[in-house]
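To keep things clear, I will list the structure first and then write my remarks on it.
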Amino acid sequence: MPELPEVEIAARNLRRWTRGQTVERVETDPKARYVFRPSSPAAFAKAIAGARFGEIRRIGKQLLLSLERDDAPLGVLAHLGMTGKWLRRAEEDPETRFSRARFHLDDGAVLHFDDLRLFGRLRVLPGARFDEVPEVAALGPDPLERGIDVAALAAALARSRLPVKLRIMDQALLPGVGNIQASEALFRARVDPRRKGPSLSPREVKAVADGVLASVNEAIAREEGPEITYVEEPGAENPFRVYGREGEKCPRCRKAAIRRVVQAQRSTFFCPRCQR
DNA sequence: ACCCGTGTTCGCTG
DNA sequence: TCAGCGAACACGGG
């Protein structure tokens with residue numbers, strides 16, 4: 001379920017899992033060409049084998065892995081897409097079902113890049129020049145790392161008549177905010193997701209910024225348990241206030257039913273009574 | 001069978 | 001010129 005919180009958890013896990021580690025070998029799924037493009041699965045594996053992990057950064061939903069091999073810097077840009085996840089397994093554990101890349105580390109652990117739908121990306125960069133990658137250069141300041149510039153948010157909202165839900169999902173504005181966090185943030189801000197950007201008052205813009213941070217931070221706190229395993233909880237309860245809760249009673253007013261509308265081909269959930 | 005999907009990119013359009 | 005839109009990418013699950 002990768003939006004900013006899940007990618008942040010992945011970054012924290014990967015830092016612990018890779019600290020001081022060297023990649024002894026890499027196995028890749030030859031069918032997963034899409035994940036490794038414009039390279040190939042085999043070329044990716046060859047490029048990474050023997051490299052030592054260094055710093056790991058996250059900007060929005062992008063993970064920036066720095067490595068070094070033969071004293072030369074090397075980068076991997078990793079994106080989880082819709083269904084990607086990083087898992088740590090023992091050497092003797094069975095392969096995960098949708099494992100697309102396996103990094104065998106010198107401590108004996110295996111990091112799996114597991115991705116059912118193949119919208120995830122693993123791209124090798126010659127050197128670690130992340131700033132030169134268009135997808136990274138296009139991102140706004142990370143909300144978690146840099147906070148949210150309310151004046152900049154207000155200006156961006158004022159500039160176009162796009163519904164506020166779509167505007168706050170713009171990765172050039174608030175990188176990391178995805179479909180779930182956008183619904184959740186607007187519920188907290190008590191702002192109707194269909195409102196046009198310019199119609200928001202300064203107070204509402206501030207509430208949206210606060211709503212994004214509160215929702216993201218709560219999700220991180222929820223997912224970062226004492227023992228970080230990053231396993232998918234089967235049949236887990238929906239932890240969200242409105243997302244995926246069409247028809248249920250609003251958790252705030254306890255009167256209206258949560259509504260679902262479609263915006264830009266994506267589901268949006270909100271309380272028609274609380275959000276104006 | 002058919003529809004749905006937590007993300008990004010690309011081509012077309014007004 | 002460019003923001004905005006819809007389709008495409010790929011594939012399992014309900």
Side-chain angles (χ1 to χ4, degrees), chain A residues 1-11 29-38 41 58-63 77-86 96-101 113-123 133-140 142-143 155-187 193-194 196-198 212 215-216 218-220 222-223 230-247 260-270:
Chain A
M1 339 182 327
E3 290 186 24
L4 193 157
E6 293 74 27
V7 182
E8 174 63 17
I9 296 296
D29 174 1
K31 297 196 307 287
R33 292 200 58 88
Y34 195 80
V35 170
F36 301 96
R37 67 171 199 186
R58 178 197 57 75
I59 304 176
K61 301 168 197 166
Q62 299 280 1
L63 274 176
L77 187 65
H79 194 291
L80 296 171
M82 292 275 269
T83 54
K85 48 179 96 85
W86 287 94
T96 57
R97 184 164 172 206
F98 304 110
S99 177
R100 309 302 182 185
F113 184 81
D114 183 280
D115 182 16
L116 183 159
R117 280 179 75 187
L118 302 174
F119 285 176
R121 286 287 191 292
L122 289 176
R123 190 202 302 172
V133 179
E135 296 95 309
V136 175
L139 298 176
D142 184 76
L157 286 166
R159 200 179 304 134
S160 97
R161 295 183 46 75
L162 210 59
V164 58
K165 153 81 160 22
L166 303 186
R167 179 48 79 220
I168 64 174
M169 288 174 65
D170 180 350
Q171 303 299 291
L173 185 62
L174 294 173
V177 174
N179 200 39
I180 293 180
Q181 295 300 327
S183 275
E184 294 292 297
L186 292 171
F187 173 73
R194 300 166 298 182
K196 311 284 190 202
V212 168
S215 178
V216 162
E218 186 183 282
I220 291 171
R222 179 172 61 237
E223 291 170 36
Y230 202 64
V231 292
E232 53 279 40
E233 335 86 291
E237 220 161 273
N238 177 354
F240 303 112
R241 308 266 221 268
V242 291
Y243 185 85
R245 296 195 182 279
E246 181 182 16
R260 171 183 173 271
V261 294
V262 174
Q263 298 180 282
Q265 308 160 287
R266 318 291 301 276
S267 290
T268 301
F269 298 87
F270 67 102

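Here is how names work: the chains are called A, B, and so on, in the same order as the sequence lines, proteins then strands, and each is numbered from 1.
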With a 4.0 Å cutoff (strictly under), does any side-chain N or O of [X] reach OP1 or OP2 of [N]?
X       : N      : value
R266(A) : dG7(B) : yes
H79(A)  : dG7(B) : no
T83(A)  : dT6(B) : no

Sequence neighbours excluded, which residues qualify as side chain to side chain contact (heavy atoms under 4.5 Å, CB included) partners of [X]?
X       : result
L118(A) : A32(A), V35(A), R100(A)
E135(A) : Q62(A), R123(A), V133(A)
T96(A)  : L87(A), R89(A), S99(A), H112(A), D114(A)

Worksheet item: Who passes ring-ring contact (aromatic ring centres under 6.0 Å, His included) against F187(A), sequence neighbours left out?
Response: none

Discussion item. According to ring-ring contact (aromatic ring centres under 6.0 Å, His included), who are the partners of F270(A), at least two apart in sequence or on a separate chain?
Written reply: none

Any base atoms under 4.0 Å from [X], or only sugar-phosphate, or nothing? Heavy atoms, all strands.
X       : result
R159(A) : nothing
R33(A)  : nothing
R100(A) : nothing

Fill in: Pairing string, 5' to 3', for DNA chain B - Watson-Crick or wobble contacts under 3.5 Å, brackets [ ] where pairs cross, | to another strand
.||||.||||||||

Take atom [atom1] of [X] and atom [atom2] of [N], then tell me their distance rounded to the nearest Å.
X       : N      : atom1 : atom2 : value
E223(A) : dT6(B) : CD    : P     : 16 Å
L122(A) : dG7(B) : CG    : P     : 18 Å
K85(A)  : dG5(B) : NZ    : P     : 18 Å
K165(A) : dG7(B) : NZ    : C1'   : 12 Å
E184(A) : dT6(B) : CD    : C1'   : 11 Å
L116(A) : dC4(B) : CG    : P     : 18 Å
R260(A) : dC3(B) : CZ    : C1'   : 11 Å
L166(A) : dG7(B) : CG    : C1'   : 14 Å

Discussion item. Between E184(A) (side chain only) and S215(A) (backbone N and O only), is there a donor and an acceptor less than 3.5 Å apart?
Written reply: no

Practice prompt. Identify which nucleotide among dG7(B), dG5(B), dT9(B) has an atom closest to any side-chain atom of E135(A), counting heavy atoms from C-beta outward.
Written response: dT9(B)

Practice prompt. Assign each of P163(A) and F119(A) to its nearest nucleotide of DNA chain C by heavy atoms, then name whichever residue's nucleotide is nearer the 5' end.
Written response: P163(A)

Sequence neighbours excluded, which residues qualify as side-chain hydrogen bond (donor to acceptor under 3.5 Å, both in side chains) partners of [X]?
X       : answer
R121(A) : none
R159(A) : none
R260(A) : S267(A)

When you compare [N] with [M], how far apart are their [atom1] atoms, in angstrom units rounded to a whole number?
N      : M       : atom1 : answer
dT8(B) : dG12(C) : P     : 22 Å
dA1(B) : dC9(C)  : C1'   : 22 Å
dA7(C) : dC3(B)  : P     : 14 Å
dT9(B) : dT1(C)  : P     : 23 Å

Practice prompt. Could you tell me whether the side chain of R117(A) has a donor or acceptor atom within less than 3.5 Å of a complementary atom in the base of dG5(B)?
Written response: yes

Fill in: Whether F119(A) and Y34(A) hold their rings parallel, tilted or perpendicular, with breakpoints at 30° and 60°
tilted

Worksheet entry | Least distance between heavy atoms, A78(A) atom then L122(A) atom | CB-CD2, 3.7 Å

Practice prompt. Check Q263(A) against R194(A) and note the closest heavy-atom contact, atom names and distance.
Written response: NE2-CA, 3.8 Å

Practice prompt. Any pair with a residue in residues 166-179 of chain A that passes salt bridge (charged side-chain N to carboxylate O under 4.0 Å, His left out), sequence neighbours left out, goes on the list, sorted by first then second residue, please.
Written response: R167(A)-D170(A)

Every protein N/O lying under 3.5 Å from an N/O of nucleotides 10-14 of chain B:
none

Worksheet, complete the sentence: Outermost contacting nts on DNA chain C, any atom under 4.0 Å from chain A heavy atoms, listed 5' then 3', are dG4(C) to dG13(C)

